[in-house]
Amino acid sequence: MADYDYENIKIEKEDGITWFILNRPEKRNAMSPQLHYEADDALEKLQTDPDTKVLVLTGAGDEAFCAGQDLKLYFRGTADDPVERAKAAHASNSWRWRRLSTFPRPTIAMVNGYCFGGAFTPVCACDFAIAAEDAQFGLSEINWGILPGGIVSWNVADVMSYRDAIYYAVTGDIFDGKRAEEIRFINYAVPKEKLREETIKLARKLMEKNPVAVRFTKEAIRAARHMSLEQATDYLRAKSDALKAADKEGGRDEGMKQFLDDKSFRPGFEPYKRQAG
Ligand code: ACO
């Protein structure tokens with residue numbers, strides 16, 4: 001059994017959902033080098049954890065999802081130590097982007113409060129994002145004379161429209177959860193008191209589906225949008241064959257049988273009944 005005993009993050013597992021909680025509420029969950037090392041280690045273990053059917057990333061406490069990089073410990077604290085800075089930067093990019101965006105199970109960013117600067121990367125890395133209506137988002141880098149570095153500029157150019165990305169990065173204007181939904185930076189915003197409940201609802205919906213099909217589908221969408229039509233056609237044909245081979249529960253045949261032979265479900269409205277949980 002993996003050991004998830006960390007100081008700066010908290011891992012809680014319940015009914016197939018793994019809650020991945022940034023846990024420095026007194027610092028608004030700002031990301032220190034230590035937090036990055038722990039988060040990177042935890043995600044490495046969780047990617048092969050059979051109990052994790054859906055991963056939810058959120059922040060501890062009522063106020064913040066994550067206030068971005070820790071200006072004191074991440075920037076000032078490593079300014080004279082290039083080795084530590086490089087190590088911290090590597091861990092930071094590894095968990096916030098590489099490990100999260102390729103996580104084999106569905107991932108949901110549950111944005112419960114402040115979300116600034118470097119915190120945009122893990123929000124974009126997650127497959128889904130749900131926020132409290134009053135959550136506050138801000139590309140605050142401009143306010144202290146830097147640009148959205150790491151890969152934040154790339155993330156917002158990818159997920160937001162060009163106009164919104166330039167607008168929010170250059171003005172540093174705050175936008176709330178409702179506005180984040182309106183500009184499609186997140187899937188939807190809900191009243192804060194319903195945030196957890198609505199997140200669980202989405203997680204359960206995802207858990208009803210064939211997990212191999214879910215994984216291959218999210219990988220296909222993520223990869224195909226940066227391909228030419230010719231590349232995508234070829235890639236999707238190969239990916240479909242790979243899905244069939246990887247799906248040990250034979251979802252495609254089972255679904256067809258339940259629809260065509262048993263007439264026990266309509267795929268237009270619901271997933272086929274799975275034997276395995
Ligand atoms: N880095 C380091 N410490 C932080 C950070 C941060 N990004 N954000 C908050 N903290 C610390 C504060 O220094 C303070 O510590 P202290 O109690 O030891 O003095 C504590 O968290 C609470 O912060 P307050 O400002 O007192 O809390 P408040 O609720 O009034 O405001 C807010 C919260 C809006 C998040 C404010 O702290 C803030 O503007 N933080 C910086 C946000 C930011 O610009 N992040 C982007 C960084 S750039 C990047 O990520 C690349």
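Whatever order the structure lists ligands and atoms in, that order sets their numbers, starting from 1. Position 1 is the first residue of the sequence; numbering continues from there.
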Selected option - heavy-atom contact closest to atom 45 (N) of ligand 1, from Gly113, Ala119, Ala67 = Ala67
task = Check whether any protein heavy atom sits under 4.0 Å from atom 12 (C) of ligand 1.
result = no
query = Could any protein non-hydrogen atom be found less than 4.0 Å from atom 25 (O) of ligand 1?
reply = no
key: atom 33 (C) of ligand 1 touched by protein heavy atom at under 4.0 Å   = yes
key: Lys45/Asp3 salt bridge by N-O under 4.0 Å criterion   = no
Point-to-point distance, once rounded to the nearest 0.5 Å, from CD1 of Ile200 to CD1 of Ile17 = 5.0 Å
task = Answer yes or no: does an N/O atom from Phe75 fall short of 3.5 Å to an N/O atom of ligand 1?
result = no
From Ile174, Leu73, Leu71, Leu139 - option closest to atom 47 (C) of ligand 1 by heavy atom = Leu71
ask   = Under 4.0 angstrom from ligand 1, any heavy atom of Met31?
value = no
key: Check ion pair Lys201-Glu198 (N to O, under 4.0 angstrom)   = yes
inquiry  = Under 4.0 Å from atom 36 (C) of ligand 1, can you find at least one protein heavy atom?
reply    = no
task = Would you verify that at least one protein heavy atom lies under 4.0 Å from atom 9 (C) of ligand 1, or report that none does?
result = yes
Pair Phe65 and Phe137, ring centroids less than 6.0 Å apart = no
task = May I have the step-by-step check of side chain to side chain donor-acceptor pair (under 3.5 Å) for Gln34 and Asn8, ending in yes or no?
result = CA-CA 7 Å; Gln34 198 56 36; Asn8 299 272; 5.8 Å; no
inquiry  = List ligand 1 atoms under 4.0 Å from Gly68, heavy atoms only on the residue side.
reply    = 50 (O)
ask   = Are Thr18 and Ile11 side-chain neighbours, meaning at least one heavy-atom pair lies under 4.5 Å?
value = yes
request  = Would you check whether Trp144 reaches within less than 4.0 Å of ligand 1, judged by its heavy atoms?
outcome  = yes
inquiry  = Please report whether ligand 1 has a polar contact with Ser140, defined as an N or O pair separated by less than 3.5 Å (distance criterion only).
reply    = yes
ask   = Step by step, would you call Asp234 with Arg237 a salt bridge (Lys or Arg N to Asp or Glu O under 4.0 Å)?
value = CA-CA 5 Å; Asp234 193 42; Arg237 190 184 301 125; 3.5 Å; yes
query = Is there side-chain contact between Leu243 and Thr217, with at least one heavy-atom pair below 4.5 Å?
reply = no
key: Subset of ligand 1 atoms that lie under 4.0 Å from at least one heavy atom of Glu26   = 20 (C), 21 (O), 22 (C)
query = Are Lys239 and Phe216 in a cation-pi contact, defined as NZ or CZ under 6.0 Å from the six-membered ring centre and within 45° of the axis?
reply = yes
task = State whether Phe103 and Arg98 meet the cation-pi test: NZ (Lys) or CZ (Arg) under 6.0 Å from the six-membered ring centroid, and within 45° of the perpendicular axis.
result = no
request  = Output yes when the distance from some N or O of ligand 1 to some N or O of Glu141 is under 3.5 Å, and no in every other case.
outcome  = no
ask   = Short list, please: which atoms of ligand 1 are under 4.0 Å from a heavy atom of Ala30?
value = 1 (N), 5 (C), 6 (C), 7 (N)
query = Which heavy atom of the protein is the closest neighbour of atom 29 (O) of ligand 1, given with residue, atom name and distance?
reply = Arg28 NE, 3.0 Å
Quiz item: cation-pi between Lys257 and Tyr272, 6.0 Å / 45° = no
message = Strictly inside 4.0 angstrom of atom 50 (O) of ligand 1, do you find any protein heavy atom?
response = yes
task = Heavy-atom distances under 4.0 Å are what count here, so tell me which part of Glu63 touches ligand 1: side chain, backbone, both or neither.
result = side chain
